[in-house]
Amino acid sequence: MSETKSTEWHRVAKTGEIAADEPLAVRVGDHMIALYSVDGAFYATHDVCTHEFASLSEGFVEGDIIECPLHGGTFNIRTGEALSPPVSDDLRTYPVKVEGDDIYVGIPDD
Amino acid sequence: MRAAGFAGRIVVVGAENHVPYERPPLSKRVLTGEDGPETTYLHDAAFYREAAIELRLGTRATAIDCAAKRVDLSDGDALAYDKLLLATGTAVRRLAVPGSELDGIHYLRTIEDALAIRARLGADARVVIVGGGYIGLEVAAAARSRGCRVTVLEMEDVPMSRVVAPEIGRFFADIHRERGVDVRTGATVGGFEGGGRVERVVCRDGATFPADVVAAGIGIVPDTALAQAAGLAVDDGIVVDAYGQTSDTSVFAAGDVASHPTPPAGRRVRLESWQNAQNQAIAVARTMCGAGAPYAEVPWFWSDQYDLNLQMVGVPERWDRLVFRGEVARRAFSVFYLNEGAVVAANAVNAPRDVRYARKMIEEGSRVEPAALADRDIPLGKLLTG
């Protein structure tokens, strides 16, 4: 089966760059990622909606929910769970760690 | 209904020969050929099998007997029901001027319509579009992307006058002209000429346009014949209450065909939008399962033309002030419709998040300072009262 995957941490932003109502889009290699600030903690998901091609970082944040700007489908920011139509496929999430005011996103080594 | 826990029999009767699909891409990526029609399907056939939802496609309901709770079908079969949902939608409004029956005059509603028009959008084809609403303008954009020579004939003084302020209609007319579309406003079609196939479009003022293909987008009319014949209340659509129930307690309606009350005045509307088709249906499904809530969403709509995404929220009937936010010349801006100080509607071009805040403002009846709305240094979230 598969060997243990390691996670590579990438420094992507400063904590001050992300407002609670305005996610930040960052790119790590081929990964398009949206960074969010929810209740003072930081989260990361894939930036592309699972329904059609739209950038979730341009969407609307309410609490821990991100709404896609194209058709209004919603996801849970923390878990990536698809919450309301037209989205039905969950969103990929990425681990986040903060050191000082640096935000790191973990990309699995796959 | 399955998501709400309903485990009984569900049968969907659809006149079209396709699994249920969404229409917005038919005037966009399916029309240009970028996407195949199967990309519009809401779910594949396996989904319905797994959910035990029976699909009777290519089958028309021909009569409803409300007393007997039975629907007669075009294939001779009949279905008994406990609860019935009418989602018969709309049909395209057809031209009635002389020559309207000539070949080469197309309407756009179904997958077949889209594929038929697509086949005619060859490079240099002369395409005349009757109707400058968002359907006509989206077809114009698609045709230009295929290298066609495009003319749009709009009866009113500005395009999209039913849905947006004249300033926005003019903005889009200019965008289309910039892209090489001949946009004619105040142009009413008087007739079509040709030998079997359309060759010319003639306007009432005598202006004549040679055409290889004509696409007409002049509106849609609710498909209420079945409901009317069954004795259900009909008034520009099937009349329903906030829960989607018709004048018969076992019959419901949702989507383009449903005329429903809107808060706060309870004024009836019939919305022709993807959002309403989806969300009203979801709300009515819950009602049919016995766990309903009143459906009352602020209408929301979008149109994609070239690289511009236009979003509209709220239905602007009366406004005394328009406030622009952002620069029109940069093609990324929003405009707020204020009436007596409150936001009643908003449009956004390439600024979808603004429209989302506007929706909250409309829901809350927010009174906002026009200067603050116009100031991009003030986040819209700060202007919400809630």
Side-chain angles (χ1 to χ4, degrees), chain A residues 13 15-26 32-40 42-43 45-77 79-91, chain B residues 2-3 20-22 24-25 28-29 34-35 39-44 47 51 273-283 285-286 297-304 309-311 313 332 334 348-361 363 376 378-384 386:
Chain A
T15 54
E17 289 182 86
I18 305 163
D21 59 356
E22 203 163 320
L24 180 69
V26 298
M32 295 170 65
I33 293 171
L35 294 174
Y36 313 80
S37 162
V38 179
D39 292 335
F42 296 93
Y43 300 88
T45 71
H46 192 211
D47 192 27
V48 181
C49 186
T50 60
H51 173 235
E52 276 181 38
F53 191 87
S55 186
L56 291 173
S57 54
E58 287 169 23
F60 184 78
V61 175
E62 196 158 28
D64 60 357
I65 292 175
I66 176 70
E67 184 180 302
C68 179
L70 212 50
H71 304 109
T74 58
F75 301 90
N76 181 307
I77 291 169
T79 65
E81 185 193 347
L83 298 174
S84 66
V87 304
S88 48
D89 294 333
D90 293 342
L91 194 58
Chain B
R2 290 290 184 232
Y21 64 94
E22 57 173 4
K28 305 173 185 72
R29 296 174 66 88
E34 287 167 275
D35 283 342
T39 59
T40 66
Y41 298 165
L42 299 181
H43 302 283
D44 57 20
F47 167 87
S273 74
W274 176 94
Q275 174 223 24
N276 184 64
Q278 175 184 266
N279 293 349
Q280 187 176 33
I282 291 171
R286 294 196 181 118
E297 288 193 7
V298 176
W300 170 73
F301 196 83
W302 83 90
S303 175
D304 293 325
N309 168 256
L310 166 67
Q311 292 203 16
V313 67
S334 50
V349 174
N350 291 352
R353 198 188 274 135
D354 283 8
V355 133
R356 192 54 185 80
Y357 284 107
R359 183 170 107 200
K360 276 206 156 308
M361 290 175 186
E363 282 167 358
R376 292 178 100 192
I378 301 176
L380 288 175
K382 292 262 183 317
L383 301 179
L384 294 169

Worksheet item: So which part of B:Gln311 gets closer than 4.5 Å to some heavy atom of chain A, the side chain, the backbone, both or neither?
Response: side chain
Discussion item. Do A:Pro85 and B:Ile282 have side chains that approach each other closer than 4.5 Å (heavy atoms only, starting at C-beta)?
Written reply: yes
Discussion item. For the CD atom of A:Glu58 and the CG atom of B:Asn309, what is their distance to the nearest 0.5 Å?
Written reply: 10.0 Å
Worksheet item: Less than 4.5 Å apart, any side-chain heavy atom of B:Glu22 and any of A:His71?
Response: no
Worksheet item: Any idea which heavy atoms bring B:Trp300 and A:Gly72 closest together, and the distance?
Response: CH2-N, 4.2 Å
Fill in: Basic-acidic side-chain contact under 4.0 Å: B:Arg356, A:Glu67
yes
Worksheet item: Is B:Arg29 salt-bridged to A:Glu52, cutoff N-O under 4.0 Å?
Response: no
Fill in: Distance, nearest 0.5 Å, that separates OG of A:Ser88 from CG of B:Leu42
10.5 Å
Practice prompt. Could you tell me whether the side chain of B:Arg353 and the main chain of A:Gly59 form a donor-acceptor pair under 3.5 Å?
Written response: yes
Response to the item:
dist B:Leu380:CG -> A:Phe60:CZ (nearest 0.5 Å) comes out at 10.0 Å
